[in-house]
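If you're wondering where the values come from, they're calculated on a predicted model, not measured in any experiment.
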There are 2 protein chains.
Amino acid sequence: MSATNRQIRLAARPVGEVKADDWEHRSEPVEEPGLGCFVGRTRMISLDPAMRGWLDDRPSYLPPVGIGEVMRAGSVIEVTASQHPEYRPGDQVVGTFGVQEYVVSDGKGAVKIDTSLAPPSTYLGALGMPGMTAYFGLLDVGALKEGETVVVSGAAGAVGTMVGQIAKAKGCRVVGIAGGPDKCALLTDELGFDAAIDYRAEDVRKALRREAPDGIDVYFDNVGGDILDAALTRLAMHARVVVCGAISQYNNETPVKGPSNYLTLLVRRARMEGFVVFDYAKQYARAAQEISAWIEDGRIKVKEHVVRGTVDDFPETLQMLFRGENVGKLVLELA
Amino acid sequence: MSATNRQIRLAARPVGEVKADDWEHRSEPVEEPGLGCFVGRTRMISLDPAMRGWLDDRPSYLPPVGIGEVMRAGSVIEVTASQHPEYRPGDQVVGTFGVQEYVVSDGKGAVKIDTSLAPPSTYLGALGMPGMTAYFGLLDVGALKEGETVVVSGAAGAVGTMVGQIAKAKGCRVVGIAGGPDKCALLTDELGFDAAIDYRAEDVRKALRREAPDGIDVYFDNVGGDILDAALTRLAMHARVVVCGAISQYNNETPVKGPSNYLTLLVRRARMEGFVVFDYAKQYARAAQEISAWIEDGRIKVKEHVVRGTVDDFPETLQMLFRGENVGKLVLELA
């Protein structure tokens, strides 16, 4: 093959916000697939807030991306050549293939997708990790019950839009917290949230008193920081706080802001619980089926934010997440 | 009756540490019991870290003590006169009778005790709120299983000594965190803890790495602050953090220090849960029976710190808790 494989590799551990210098843009020859392997060309790359955590050298649920390694990322690829019995050229495959134009894979962790049922991007969003995260976080960790009040932060993001819509599908009152009037309008006008709170425009604690007058039964937290603290003051008895992420804290150069109001867990006999979606891998198929049905019948609307470009646009596109510039699932579609 | 009833009432809401001026010492005549009531003379007053929270005017699991009201406290009294069919002079009774020498009660919330089975102080400690708190916090909220590793902070206190010993009785490895070599020696040499960490003398995080090499399954937190943060770094997978109190933060004039490391809940798929012991009132009798049996067979040693004095000594005795000057259950025995 004469094509080159453009890649984004980690050049240095970022301190605070990830800078252009922290990445290495490299071109390598595309390898031929060995026996039992296939080669694919990347079509769509997923951008996720969790990526920031993967860059830090500290114990976590996955090892950090090593210096010099291709940046870890979920993506959808199209098989171009194969010596693997189960994959043929033209197959569309989702997996953790990294930020690069081509990938050689032995099929481990790869899943063939049917793009006649949903576009490739949806397998990175509503039917991918963000969808699974929302589904299991809300229903398993959050132990959501019909009629409860759910509040979700980062509500206009990939996970947040799904959390709110799944909670609505389950018969709950849903309040989303997001930044800016456009995102808030999307939540209530298009996605069926009962209320939206613009954290840039109003005091979240006061707004929660208005929108969750009987308290919050499930608070699904994607942001941490002051918004988590505000939500803690409004917990209902026996509330569940689902710790999914803390995007407001990921670029901190100082320690994470811990929730000052955590003692309301005691007053409200409430719990705060973390989870990692990979633990639910065996149940993904069941969840995807239920989510697909909700998409089919219109109860869930898929929100995606597609940036078209090359792998070289990855670093800049990633920053959009931390600036709150995306609405729904952010993907980089390779031209 | 000619006796006077000396009382300690709340004079002002304390800011930070409770000061002498925040209390009013008052003498009132002892009332005669009306029909259906009894009068008792206070023998023992319980001192509890939670008392500091009762002085703040903020929503909690109990209303705050009002300005001008007799300070709320658990105590053991001896009935001196009665017009209540179930109480006779000489009866020993435990209840929330307040910091005063005499109390008139209609018997609501009062429980007669048998001081031939255990001394009055034990009904305020091992068989009272601290014992119940340890028991239900550890076994119900903490969902303790045999063979797990339990770490408890404030380990030499009324609740901590019970947590550690109950965990040992349940077949667990137990590490206590306390301040000073004497308290640590007590834990390991007398109370059967497997290890003790002196937070004043060593780095708690490093010490936990040594004493809980496979991680902490249940962390029972009485102190909050930096020790909570250290424990969070050492959680085992699916760990339970029992939020019982935060004595290090109760006298803060600045906001409570939230746990910076709360995102380890995510990495470790762990939960942090609060509780209030009163919710278990219907199960107290069963718990007291089990604890009594452990005391009987020597598996639990009752540690009490008895200060002898008058109700006027209450304010100064309360401060001992926040200075870490007590070992085991602190009570004020009236001369």
Rounded to the nearest 0.5 Å, how far does [atom2] of [Y] lie from [atom1] of [X]?
X	Y	atom1	atom2	result
B:Leu321	B:Ile247	CG	CD1	5.5 Å
A:Phe322	A:Met51	CZ	CE	9.5 Å
A:Leu232	A:Ile227	CG	CD1	12.0 Å

Looking only at N and O atoms, which donor-acceptor pairs between chain B and chain A are within less than 3.5 angstrom?
unit_1, atom_1, unit_2, atom_2, d
B:Val256, O, A:Ser260, OG, 2.7
B:Ser260, OG, A:Val256, O, 2.7
B:Arg269, NE, A:Asp279, OD1, 3.4
B:Arg269, NE, A:Asp279, OD2, 2.6
B:Arg269, NH2, A:Asp279, OD1, 2.8
B:Ala270, O, A:Gly274, N, 3.0
B:Met272, N, A:Met272, O, 2.7
B:Met272, O, A:Met272, N, 2.7
B:Gly274, N, A:Ala270, O, 3.0
B:Asp279, OD1, A:Arg269, NE, 3.4
B:Asp279, OD1, A:Arg269, NH2, 2.8
B:Asp279, OD2, A:Arg269, NE, 2.6

(request) Give the minimum heavy-atom separation between B:Cys172 and B:Val150, together with the two atoms involved. (result)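 Residues B:Cys172 and B:Val150, closest heavy atoms: CB-CG2, 4.1 Å.
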(message) Between A:Leu228 and chain B, with a heavy-atom cut-off of 4.5 Å, which part of the residue counts as in contact: side chain, backbone, both or neither?
(response)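 For A:Leu228, the contact with chain B is made by the side chain alone.
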(message) Less than 4.5 Å apart, side chain to side chain, heavy atoms only: is that true for B:Met272 and B:Val243?
(response)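 Yes - at least one pair of side-chain heavy atoms lies under 4.5 Å apart.
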(request) Could I get the full list of side-chain contact (heavy atoms from CB on, under 4.5 Å) partners for B:Ala134, not counting sequence neighbours? (result)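 Here the qualifying residues are B:Val159, B:Met162, B:Val163, B:Ile166.
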